[in-house]
Number of protein chains: 2
Amino acid sequence: MHTHEHQFDLEKKIAEFETRCRQKGLRITPQRVAVYKALVGTDTHPTAEEVHKMVRQDIHSISLDTVNRTLLTLAEIGAAFQVEGTGQPRRYDGGLENHQHFRCISCGQIVDFHYDPYENLHNPGQVLENCTILRKTVYLEGLCGECSDTPA
Amino acid sequence: MHTHEHQFDLEKKIAEFETRCRQKGLRITPQRVAVYKALVGTDTHPTAEEVHKMVRQDIHSISLDTVNRTLLTLAEIGAAFQVEGTGQPRRYDGGLENHQHFRCISCGQIVDFHYDPYENLHNPGQVLENCTILRKTVYLEGLCGECSDTPA
DNA sequence: TTACTAAATAGTATCTACTCCTATTTATGA
DNA sequence: TCATAAATAGGAGTAGATACTATTTAGTAA
């Protein structure tokens, strides 16, 4: 793909993003667009601080708090999402038998479950050729029973 | 299962744990055993602070730092593990196409990959009946190419 | 048993990721 | 252009985790 096409894609995505903001009643601020642009323009799964560094090159005075808030907003409107489980205090599991985790994004609780078809998945080939896979789980996120009943 | 059998299981697990410690050249301290016991005796995927609270009932003076160190040790020797992704600063992903994540437990980098058989997995029934599943991914952990070559 | 030594611990200080608060600025709709 | 609610900058506060140091202790060997 040529740079020219990349450029086009990016502009298209930004236009879509702005539309989505309007739909959700969110204002289109330079900071918001800059954060979105930085995030979509990378494949490194950056932390807020890393995004802050990138965006500062365009908007010198943007605060880390704004980047944090904006990233949360992006996740809320579905324009981005958080990498599985990150941002939570470390949680430990003493159960070594095969099982999978469901995490409630509202209250944070982790629920164990076992579902046979999720066991013994094949390793992907090619793409992760050089990687040593030590653990492989199906990870679900959503709302637990209690939090479904009483939406915040 | 009866309480009596539970008790038996626990003692058996502790015995195995002590054997494993000896194999790895780790000392068997009351603190270490108490942390292990607390973790194996619950299915709540506790944080270090939660474990600290539990263990304090037995060992009043145990420090939070010891609990933290011990939990890391348990994970290192394979007597427990950390719930997927937790304990990492929040990381964001602007790629909304279907894809999966591999995380290097050594350097922390997240690698995107796509592997067809991992898409369109069925939802588990029964166990998570009351939960609303919003996201479903296969999550791999291990060592990336660079970190495999130069083990710490 | 006793004495020795490296490992482990308690307690504290420090660091980092993140959120909260307040005054100021700004995007949007009238 | 004006009014106003939303968003922002900057800094204070908080929580989770790590680093440091002096002290204690488990395991070993006399």
Side-chain angles (χ1 to χ4, degrees), chain A residues 14 17-36 38 45-56 58-77 79-80 82-83 85-92 105 108 110 152, chain B residues 14 17-36 38 45-56 58-77 79-80 82-83 85-92 105 108 110 152:
Chain A
I14 290 175
F17 170 65
E18 295 188 357
T19 302
R20 191 188 295 234
C21 283
R22 269 186 271 270
Q23 282 170 354
K24 301 271 179 177
L26 295 176
R27 292 183 177 174
I28 295 162
T29 65
Q31 291 88 340
R32 206 162 261 170
V33 175
V35 167
Y36 177 76
H45 311 83
T47 62
E49 203 155 346
E50 286 164 355
V51 174
H52 188 219
K53 257 182 211 155
M54 300 184 220
V55 175
R56 280 238 239 186
D58 289 334
I59 305 181
H60 181 65
S61 70
I62 193 172
S63 74
L64 180 56
D65 183 50
T66 294
V67 173
N68 259 306
R69 270 184 296 100
T70 303
L71 289 169
L72 287 175
T73 304
L74 296 189
E76 276 167 19
I77 68 172
Q82 297 176 13
V83 175
T86 59
Q88 298 285 116
R90 243 195 288 271
R91 291 185 170 273
Y92 290 89
I105 59 169
I110 308 277
Chain B
I14 290 175
F17 169 65
E18 295 189 354
T19 302
R20 193 188 293 233
C21 283
R22 270 187 270 269
Q23 282 169 354
K24 301 271 182 178
L26 295 175
R27 291 185 178 173
I28 296 163
T29 64
Q31 290 89 341
R32 204 163 264 169
V33 175
V35 167
Y36 177 77
H45 311 82
T47 62
E49 204 157 342
E50 286 163 356
V51 173
H52 187 218
K53 258 182 211 153
M54 301 183 218
V55 174
R56 280 236 238 185
D58 289 334
I59 304 180
H60 181 65
S61 69
I62 192 171
S63 72
L64 179 56
D65 182 51
T66 295
V67 173
N68 259 306
R69 270 185 296 101
T70 304
L71 288 169
L72 287 176
T73 304
L74 295 188
E76 276 167 19
I77 67 172
Q82 296 176 15
V83 175
T86 59
Q88 298 285 116
R90 245 196 289 269
R91 291 185 169 272
Y92 290 90
I105 58 169
I110 310 276

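Protein chains get the first letters and strands the later ones, always in sequence-line order, with residue 1 at the start of each. This is a predicted model, so every value here is computed, not measured.
When distances are taken from the side chain of A/Leu72 to each of D/dT18, C/dT19, C/dT9, the shortest belongs to C/dT19. Among the nucleotides C/dA10, C/dC18, D/dA7, the one closest to the side chain of A/Arg32 is D/dA7.
Side chain of B/His52 to backbone of B/Ile62: a donor-acceptor contact under 3.5 angstrom is found. No side-chain donor-acceptor contact under 3.5 Å links A/Arg91 to the backbone of B/Val83.
Using a 4.0 Å heavy-atom cutoff across all strands shown, A/Leu64 reaches no nucleic acid atom at all.
The ring pair (Phe, Tyr, Trp, His ring centres under 6.0 Å) check on A/Tyr92 picks up nothing, with sequence neighbours excluded. With sequence neighbours excluded, the residues that form a side-chain hydrogen bond (donor to acceptor under 3.5 Å, both in side chains) with A/Thr66 are A/Ser63, A/Arg69.
End-to-end axis angle for the helix from C/dT1-D/dA30 to C/dA30-D/dT1, using five pairs per end and rounding to 10°, comes out at 30°.
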Taking only nitrogen or oxygen atoms into account, show me every contact under 3.5 Å that the protein makes with nucleotides 14-16 of chain D, one pair per line with its distance.
unit_1 : atom_1 : unit_2  : atom_2 : d
D/dG16 : OP2    : B/Glu49 : OE1    : 2.8

Which protein N or O atoms sit under 3.5 Å from an N or O of nucleotides 28-30 of chain C?
unit_1 : atom_1 : unit_2  : atom_2 : d
C/dT28 : OP1    : A/Ile28 : N      : 3.0

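The phosphate of C/dT26 (OP1 or OP2) has no side-chain N or O of A/Gln31 nearer than 4.0 angstrom. Contact annotation: A/Thr66 does not reach the phosphate of D/dT8 (side-chain N/O to OP1 or OP2, under 4.0 Å).
Residue pairs meeting the salt bridge (charged side-chain N to carboxylate O under 4.0 Å, His left out) criterion with at least one partner in residues 21-34 of chain A, sequence neighbours excluded, are A/Glu18-A/Arg22.
Each of A/Thr86 and A/Arg69 was assigned the nucleotide of DNA chain C with the nearest heavy atom; the assignment lying further toward the 5' end belongs to A/Thr86.
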